[in-house]
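Residue numbers start from 1 in every chain, and the chains themselves are labelled A, B, ... in the order their sequence lines are given, proteins ahead of strands.
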Amino acid sequence: MKSAIIKKLSAISGKKSPEAAGSPEGSSKGSPEDRVARRLSLHMAMAVREIYDAIAMEKNRPVSMTPFDTLFKNFADAPEKILPTGPRKKIGIYCMAVPEELIYAAGALPVRLCAGSGDAAEAGEALFPDVSCPMVKAATGFTRTGVLPMYRECDLIIIPTTCDWKVKLGELISRHVPVMMLSVPKFKAAESSRRFWYAEIRRLMHALEKVTGKRITRKKLRAAMDMMHKAQQEFRRLQTLRMDDLSLIRGRDAAAVANAWFYMDGADWTLAARNLNEELLERKEKGIGTAPRTAPRILLTGSPVIFPNWKIPDLIENAGGTLTCDELCSSGRLLWDMACIDEPLFDDMLDALADRCLLPCTCPVFTDREDRKTRLFRMIKDYRVEGVVHHVLKGCHPYDMELRPLEAELAAAGVSQLKIETDYSPEDTEPLRTRVEAFVETLKGRRLRMGKSA
Amino acid sequence: MRVDRIRLFVQALCFVFLIYGGLTIFSIGTAIPTMACIYAENRGGSCFLYPFQRFLSMPWAMLFGSAATAFLIYLGTFFLWALVFGKTFCGWICPLGFLQDLITKIREWVGIDGSRFAWKTRDRFQWVKYALLALLILLPMGIGNSLLGLPRFTPDLAVPFCQICPGKPLIPLFEGDLSHLIIDFSSTTKLVLSSLSMLIAGLFLVGGFVKRRYICAFCPMAALLSLFDRIGFVGLKKKGEACTCCGNCFRACPMEIREIAELRDKKHMVTQDCMLCMRCIEVCPENKALTATIIGLPVFSASAEGFLKRQNKTASAGGPFHGETPALQDTATDPESASK
Amino acid sequence: MKKRCPAASLPPMQKSRRGRCFFPLLLALIFFLPMASPADPGFLFLEPGPEMRRSGGGNTQGGGHGTGMGMQRKKEGQEASENERQADSKKTGMEEKEEKSAMKSKGKGHPGSAAPESEKGEKKEREKRAAMSHPAHYTLLLGWPPAMKAQAPEDLLRAETAILRPDLSREILTPQKEGPAIRIRDAALIQGTYHISASLEKTDDEGRIFRLFTTASMRNTGEKTDPPEKNPETALEAHLPWFSMEDLSPDPGNNFARIHRKYTGDTLPLRIRLGGMPVPDLPVTLTTAEGWQQTLHTDEAGQVKFILIKERFHDKGVNKAPITFYARAELDSRSEKHLEIIKSVRPDAGDNPPAGTEILRTSLALTVHPTPLDWESRAAGFYTLILTGLVIGLGTAIRRRKRRGRWF
Ligand code: SF4
Ligand code: SF4
Ligand code: SF4
Ligand code: SF4
């Protein structure tokens with residue numbers, strides 16, 4: 001039954017049938033693979049514990065972070081418990097370009113598989129050129145070793161062809177899991193691109209229907225979009241709270257909340273996020289912040305920051321800055337853009353979903369950076385940002401390509417910037433720390449000067 | 001507050017007034033820039049175009065002589081209406097627009113998906129309304145006078161636009177008057193025009209069912225009113241830096257105006273087709289990205305809060321969503337889990 | 001009106017039920033014999049004057065519009081007006097427009113509403129009213145239809161004319177000379193139905209007394225007033241001339257803004273009464289301006305029902321201009337039967353009839369429009385509409401089906 005579906009699916013995605021999908025071929029090959037897996041699981045567990053040990057020392061942390069913490073602690077303790085249990089099918093996705101509403105409407109659980117573990121990146125390294133995206137390496141590492149079961153047990157993995165790494169990722173992991181590629185048009189402004197994308201979304205819908213064996217109806221889709229709106233409402237509330245002068249939540253925690261969306265059920269996430277928002281609101285009234293008001297407000301933009309890679313946020317905040325907002329596809333942008341139900345009809349809703357995933361997306365893989373520039377400027381204004389940190393993962397070409405012109409534009413507008421080029425490994429932490437600290441000091445100095453002159 | 005509901009209500013009121021208002025011997029004149037058809041006998045105000053074409057078909061000597069004052073007063077009235085209300089006539093008042101919206105509502109209720117023009121098609125046919133406008137000015141002129149030495153046109157061409165306007169056969173229907181659903185065989189001109197009229201009326205009904213505001217894309221009144229887009233009292237402003245180009249407004253716009261989503265640096269967003277229905281503001285999720293203004297004062301702005309509230313109402317059929325909403329997790333009807 | 005030789009236009013045999021009415025030669029004879037006598041004044045008619053004509057004679061002949069077919073009316077006016085323009089070259093597009101579009105006639109109100117107004121609001125109201133209504137303006141005509149002349153004998157100035165307004169005020173109007181014609185005029189500012197009657201007494205060289213009566217009625221928009229307290233029927237009864245011919249077409253209702261017209265093909269019920277008593281078995285003749293005619297006899301109730309002859313005017317394209325139909329009836333005291341009738345309603349006169357012969361004539365002039373059915377087809381329109389709808393609808397559905405792989 002299942003393989004039949006997969007065969008059909010591969011017809012849809014135009015891929016060769018991943019015959020070996022079910023069999024644990026990788027592990028039976030022998031001890032080297034096993035060793036890699038064991039080492040990975042050990043190291044990752046260590047990394048996670050380290051993070052939570054550090055977090056335990058922090059004061060003033062919102063209590064409502066607990067559900068998210070529990071989730072992330074499972075990475076170390078009980079990887080099989082990360083995803084909610086139940087008979088629901090799990091659909092793995094990469095990138096923001098996949099409309100999750102559609103998956104919810106099909107009665108399945110979307111799991112975003114973008115990975116942030118440096119150890120996993122090491123495990124997947126063998127298949128990639130020297131300078132390549134650590135995120136994709138880590139995802140491959142997880143899939144090959146099967147350390148996190150969710151990478152293997154997804155009933156379908158949807159990979160949009162955003163950056164070049166993703167384009168090739170499908171082929172690499174299709175040995176282990178059923179993959180469907182979703183072709184993303186790179187030029188948003190043309191009608192043909194949009195029509196093409198609408199067609200892709202419809203193809204995705206049919207594939208989902210086949211995998212789950214359920215029809216996506218108008219009602220279900222509407223309910224899913226409604227659910228999504230509720231989640232987005234909480235997300236926007238959180239982001240709006242962060243505009244406050246007082247830094248109510250650490251940037252790292254905010255990123256963790258958004259990251260949790262990858263793995264949690266939407267409704268559960270909404271509940272947890274609502275609790276957090278309530279608490280933050282209270283804290284706002286009481287005036288409890290996580291950073292002194294003197295801390296310079298910093299915006300983080302660039303390549304995604306995914307648990308457990310909290311290196312950059314931690315560096316910034318430990319250096320005395322406050323990470324007020326980020327423009328990252330893994331957190332700040334994740335649930336921001338909302339689809340609108342215009343006519344509550346099926347086609348219109350599908351188009352709305354397609355538009356939500358394509359048009360407002362500021363991902364640098366698209367041809368122009370106008371949208372991203374506008375959004376950055378707007379965030380700088382809304383959040384009263386004092387400094388911008390560009391985060392470029394080594395091998396993340398699109399962000400790298402956009403960096404220079406964007407830097408020039410921001411500089412022209414008088415924004416202080418710091419460019420950090422790094423990967424998932426903790427090796428370069430120390431040199432980075434000095435740079436970040438220096439940057440934060442400059443910002444502080446600037447603020448003092450401005451304050452004096454004012 | 002859902003603007004489209006309010007709009008429908010206002011439209012219905014205006015419709016009733018414009019179509020039946022005459023029964024109270026109350027009329028707001030004949031220079032109203034909206035398709036309140038003059039052929040509806042109990043109208044409470046009527047379309048600008050009919051008298052306009054009539055005036056133009058006078059010989060020059062009379063138009064600029066004995067009728068000049070009347071013509072000027074008449075044009076002045078029109079200018080005033082257009083200046084104060086501008087395109088709101090199209091979005092909120094026009095009976096033909098209301099009929100089209102009604103047809104759309106029926107379609108939505110039946111659950112048939114609408115269509116949209118391909119961008120190219122829409123761009124390609126932009127000129128139609130201007131061509132119609134030019135014709136409805138030139139043809140009547142050619143009846144009373146000889147244009148460029150041409151022979152005078154046949155009087156059968158009088159009020160040429162009215163003869164093909166979908167308002168003529170359709171609006172009197174609401175007063176039980178079927179007498180304009182005809183084909184006139186009395187001369188070739190009449191035959192052609194009345195057949196066209198029937199064709200266009202059919203297009204109106206079916207086209208309106210398939211695509212929102214189908215006929216409005218070709219309406220010369222919109223072309224006429226768009227002269228007042230910039231100076232009109234009612235405006236639509238865009239704050240480019242708040243817009244994410246998410247395209248929501250474009251998708252929801254009944255007139256399929258692409259500029260509304262795509263142009264960031266343009267401030268005045270009342271484009272040639274826009275009918276100030278404010279639908280775009282309703283569906284814009286970015287705070288203050290779009291604002292409707294009256295004499296420069298903001299009256300209605302886009303906001304995330306409002307967006308979610310309105311969307312919530314739209315989606316309320318799905319019910320409160322909390323984990324176990326049957327629509328999403330119907331394990332009972334799930335064939336796979338049932339077989340397990 | 002174009003004058004024509006009536007004998008030349010032989011009416012074709014119409015439907016069989018009207019068959020007996022057409023004995024062209026005989027009728028021509030009957031009608032041209034009296035005309036030969038110059039002293040015979042003929043009949044008296046009230047025909048809508050130019051001020052009413054301008055609006056296509058829309059609301060004149062307020063008898064209403066009979067059944068079904070009467071619903072067809074042309075409001076566009078452009079067809080009618082074009083034809084009229086030929087008929088009356090003085091008319092101007094501007095004037096036509098004022099009424100056609102019920103437009104505010106700014107600055108140049110109707111003569112009927114020319115009374116100066118002090119208050120602005122009222123003035124505006126007045127102007128509007130004036131634009132929506134038109135005065136009662138009738139030409140008095142004397143003669144034998146269809147050869148009616150606008151050139152009228154001075155005798156007509158003696159005619160007694162009266163108007164009954166919707167508020168039931170009755171006023172005697174004095175005929176005035178307007179150019180060659182003799183006309184009566186009333187501003188008619190109130191909304192409702194107006195009845196006009198005229199009578200003329202004339203004695204010829206042979207001492208015959210001709211008593212000529214005629215009526216006309218019109219509907220008018222205008223100021224809405226409270227309905228009169230008095231019973232309008234009684235007032236009308238009192239207003240009608242002694243020997244009257246009434247148009248009994250059904251009441252067209254209270255919408256005075258709507259233009260009501262008579263169309264060829266409509267039925268025209270008439271009632272002949274003498275001193276309030278119906279006159280049975282009296283021949284009534286209906287003549288068109290072109291000379292076609294038919295004669296029917298009244299029944300017991302003095303009623304007669306014509307079907308307005310459907311003339312087709314195809315000599316030069318389609319004629320959409322209105323034409324005048326003349327209905328007439330006569331009581332001649334030289335005839336025994338008629339004398340009886342006259343005597344019966346005039347008991348006070350006893351056995352002394354007026355010296356010499358007395359001839360009573362009553363008549364009615366009607367403006368009739370050619371039925372649009374002559375050149376319009378509603379069925380064709382309807383089918384075109386439906387077909388267009390179907391073709392476009394199906395086309396879209398099929399295209400969509402191809403593109404999306406499902407019907408809906
Ligand atoms: S036919 Fe059309 S243009 Fe003419 S008056 Fe009616 S609505 Fe206006
Ligand atoms: S564009 Fe549409 S709404 Fe506007 S006047 Fe024309 S028909 Fe009416
Ligand atoms: S809906 Fe708002 S944010 Fe989206 S494109 Fe339109 S104006 Fe911009
Ligand atoms: S641009 Fe906005 S106001 Fe104008 S027609 Fe479109 S949705 Fe309506």
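Checked for salt-bridge contact, B/E262 and A/R194 meet the test: a charged N lies under 4.0 Å from a carboxylate O. Ionic pairing of A/D355 and B/R251 is present here: one or more N-O contacts between side-chain nitrogen and carboxylate oxygen are shorter than 4.0 angstrom.
Within a 6.0 Å sphere centred on CZ of B/R5, other residues, nucleotides and ligands contribute 12 heavy atoms or fewer. B/K266 NZ: more than 12 foreign heavy atoms inside a 6.0 Å radius. Within 6.0 Å of NZ in A/K186 there are more than 12 heavy atoms belonging to other residues, nucleotides or ligands. Annotation: B/F9, atom CZ; neighbour count of heavy atoms from other residues, nucleotides and ligands within 6.0 Å does not exceed 12. In this structure, B/K288 places its NZ atom where only 12 or fewer heavy-atom neighbours from other residues, nucleotides or ligands lie under 6.0 Å away.
Taking the side chain as every heavy atom from C-beta outward, B/R107 and A/L345 approach each other to under 4.5 Å. Side-chain contact check for B/P285 versus A/R236: some heavy-atom pair is nearer than 4.5 Å. No side-chain heavy atom of B/F307 sits under 4.5 Å from any side-chain heavy atom of A/Q233.
Taking non-hydrogen atoms and a 4.5 Å limit, the residue list of residues 365-375 of chain A in contact with chain B, ordered by number, reads A/E370, A/D371, A/T374, A/R375.
Neither the backbone nor the side chain of B/C284 comes within contact range of chain A, judged by heavy atoms closer than 4.5 Å. Residue A/R195 touches chain B through its side chain alone, counting heavy-atom pairs closer than 4.5 Å. For A/A190, the part lying near chain B is the backbone, with the side chain staying farther off; criterion is any non-hydrogen pair under 4.5 Å. Contact of B/R212 with chain A is made through the side chain alone, with heavy-atom distances under 4.5 Å. Neither the backbone nor the side chain of B/A261 comes within contact range of chain A, judged by heavy atoms closer than 4.5 Å.
The distance from atom SG of A/C340 to atom CZ of B/R279, rounded to the nearest 0.5 Å, is 7.0 Å. Once rounded to the nearest 0.5 Å, the distance linking CD1 of A/I341 with CG of B/N312 reads 9.0 Å. Within the model, atoms NZ of B/K309 and NE2 of A/H229 stand 15.0 Å from one another, a figure rounded to the nearest 0.5 Å. Between atom CG of residue B/L308 and atom CD of residue A/E234 there is a gap of 10.0 Å, rounded to the nearest 0.5 Å. A distance of 11.0 Å separates SG in B/C280 from CG in A/D342, rounded to the nearest 0.5 Å. Rounding to the nearest 0.5 angstrom, the gap separating the CD atom in B/Q311 from the CE atom in A/M228 is 13.5 Å.
Identified under the side-chain hydrogen bond (donor to acceptor under 3.5 Å, both in side chains) test for residues 86-95 of chain B, with sequence neighbours left out: B/K87-B/D229. Each salt bridge (charged side-chain N to carboxylate O under 4.0 Å, His left out) pair with one or both residues in residues 238-250 of chain B, not counting sequence neighbours, appears once here: A/K381-B/E241.
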### Task
Dump the intermediate steps for side chain to side chain contact (heavy atoms under 4.5 Å, CB included) on A/R356 and B/N248, then the final yes or no.
CA-CA 8 Å; A/R356 164 177 91 73; B/N248 280 357; over 6 Å; no
### Task
Decide salt bridge (charged side-chain N to carboxylate O under 4.0 Å, His left out) for B/E286 and A/R378; before the verdict, give the C-alpha distance in whole Å, the side-chain angles of both, and the deciding distance to 0.1 Å.
CA-CA 11 Å; B/E286 300 302 325; A/R378 178 171 164 217; 2.8 Å; yes
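In this structure, A/D348 has no side-chain hydrogen bond (donor to acceptor under 3.5 Å, both in side chains) partners at least two apart in sequence or on a different chain.
Across every non-hydrogen atom of A/E191 and B/A118, the tightest pair is OE2-CA, 3.4 Å.
Contact tally against chain A (heavy-atom pairs below 4.5 Å) for B/C243, B/G247, B/A242: the top residue is B/A242.
Side-chain atoms of A/E343 never come within 3.5 Å of backbone atoms of B/D113 as a donor-acceptor pair (strictly under, hydrogens ignored).
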